[in-house]
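Structure record follows, encoded as structure tokens.
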Amino acid sequence: MQQFQQYIGGRFEDGSARFDSLNPATGTVWAQMPEARDADVDRAVQAAEDAFFGAEWASTTASQRGKLLMRLADLITEHAPRLAELETRDTGKIIRETSAQIAYVAEYYRYYGGLADKIEGAHLPIDKPDMEVWLRREPLGVVAAIVPWNSQLFLSAVKIGPALAAGCTVVLKASEEAPAPMLEFARIFDQAGFPPGVLNVITGGPNAGATLTSHAKVAHVAFTGGPETARHIVRNSAENLASTSLELGGKSPFIVFDDADLESAVNAQISGIFAATGQSCVAGSRLVISNKIKDEFLARLKERAEAVVIGAPDDMATEVGPLCTQAQRDLALDLIARSVDQGAKLVTGGSAISGAGYFFPPTILDCSDAPEAPCLSREFFGPVLSVVSFDTEAEALAIANDTRFGLASGVFTQSLTRAHRMIRGIRAGIVWVNTYRAVSPIAPFGGHGLSGHGREGGLQAALDYTKVKAVWLRTSDDPIPDPFVMR
Ligand code: NAD
């Protein structure tokens, strides 16, 4: 049984309590994790605050912060196989994906390492002759970062990278469902040479999360997870009026017009919904398809979905692994049953795979005659694609926007003018045209509505971890006149 420790103030410790972590491919316990109780959370925040106001971090220049982040990136690259293996073991995400993703995670730290000394203030052309006014960009303070179980190394990099580049300190709470990769990441981080307390990594469930996000010493909460939890986070953060950035779920439309390159669109849709076993916030989970090509497209999708290799997540040949938890699988079964009751037709899949682990097959539901089916509005976070068809471009846009989410979207068409009309009309934070699921440290990522607010990735994300201080300096040597003497 493997044992993991939490990381507070530069020290590794067992924590006040321990809990078991399950391997989703077998449903059996494989490791024991520390569970942060209120006192642990409080110590972690205190360590982050001590580091924030401490001389060592305060005197670490922006360029030095950048070099530390670069060193961290190199260490991640060096330890990538171990990180990928642990993420696969604890979450069930297939090794093919965790290996590729961890290599790219290092690039996020490199990007923010390079940005650290480019976060500049400004000088203002103020309307007074004897004044100099400039803006300093200063770090926000202690950041509480909360991540869900899927892609934690990635979802934490887009928080830790810009926060440390800006000079903040961080308490990261890993998901209680699969904390192993983050606790191992803490061991790697420890070797990079940051002062103690700059990053603290704890884990635990809603209680630890609530204590952390309502803590009086937290300046900003960076959250990725579901909308329901986000509502708690916003209420918690009201305690301290901390700012928030919320990266939440989605019900992203994947729109295919009859002039699309069908081979590309099929490939992109297959990876758009079945990659990460559908456990991706940007999953293209609503196929919005032209009636002119619907039958052909669905036939090709069905054939591909049924040929997907389902298996052990640590096998490089596996294309779809298990869901992370039994609860995820139960949710998928429930939503499918209710959608079928309302007229949705199963094209393929739909039943849990028997045997050990939380396996679920690629599933396609045709909802063309069931516009109210819950599978069209609720996020599955599983390998389930819901299909709606359209006749006109206006209908396609209306269907695409018929959601309270607004994270990602995809448009497949050969028409440049139509692509531009769709880009303008779609209400989502990301529009991919003739591609899907592309990400980069250079591009902002985030959504609207129930998908949250704030952006991760890109320069703006680092600026969002700073606050602006306006400095006024009087340049005249004349004495300031007494304001109460009448002239
Ligand atoms: P979740 O909302 O249940 O949990 C996320 C995190 O919040 C966990 O660490 C959990 O312990 C913590 N938490 C739970 N209750 C809390 C509380 N009251 N106060 C503070 N923290 C609390 O999400 P999940 O089921 O782990 O993950 C799936 C969700 O995450 C999906 O909705 C998915 O779309 C979303 N997600 C979004 C993105 C994105 O970038 N937009 C990426 C990945 C996942």
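Computed from a predicted model, the values in this text were never measured in an experiment. Note that ligands are numbered from 1 as they come in the structure, with each ligand's atoms numbered from 1 the same way.
Using a 4.0 Å cut-off to heavy atoms of Thr224, the atoms of ligand 1 that qualify are 5 (C), 36 (N), 37 (C), 38 (C), 39 (C), 40 (O), 42 (C), 43 (C), 44 (C). Atoms of ligand 1 lying under 4.0 Å from any heavy atom of Ser175, numbered from 1 in the order shown and given with element: 9 (O). Within ligand 1, counting atoms from 1 as listed, the ones closer than 4.0 Å to a heavy atom of Ile233 are 19 (N), 20 (C), 21 (N).
With 3.5 Å as the limit, one finds a donor-acceptor pair spanning the side chains of Lys93 and Ser151.
For CD of Gln460, the number of neighbouring non-hydrogen atoms (other residues, nucleotides, ligands) closer than 6.0 Å is greater than 12.
Proximity of the aromatic rings of Phe254 and Phe412 is defined here by a centroid distance below 6.0 angstrom, and this criterion is met.
Residue Val147 has at least one nitrogen or oxygen atom sitting less than 3.5 Å from a nitrogen or oxygen atom of ligand 1, judged on distance alone. Residue Phe223 places no N or O, backbone or side chain, under 3.5 Å from any N or O of ligand 1. Taking any N or O of Lys173, backbone or side chain, at least one lies under 3.5 Å from an N or O belonging to ligand 1. Residue Leu155 has no N or O atom closer than 3.5 Å to an N or O atom of ligand 1. Residue-to-ligand polar distances keep His232 apart from ligand 1: every N/O pair is separated by 3.5 Å or more. Remark: ligand 1 and Thr213 share no N or O pair separated by less than 3.5 Å (distance only, no angle test). Every N/O-N/O distance between Glu456 and ligand 1 stays at or above 3.5 Å.
Taking each of Gln279, Met182, Glu176, Glu177 in turn, the one with a heavy atom nearest to atom 11 (O) of ligand 1 proves to be Glu176. Closest heavy-atom approach to atom 15 (N) of ligand 1 among the candidates Thr229, Leu407, Val234: Thr229. Between Ala327, Cys324, Gly225, Gly204, it is Gly225 that holds the heavy atom closest to atom 30 (O) of ligand 1.
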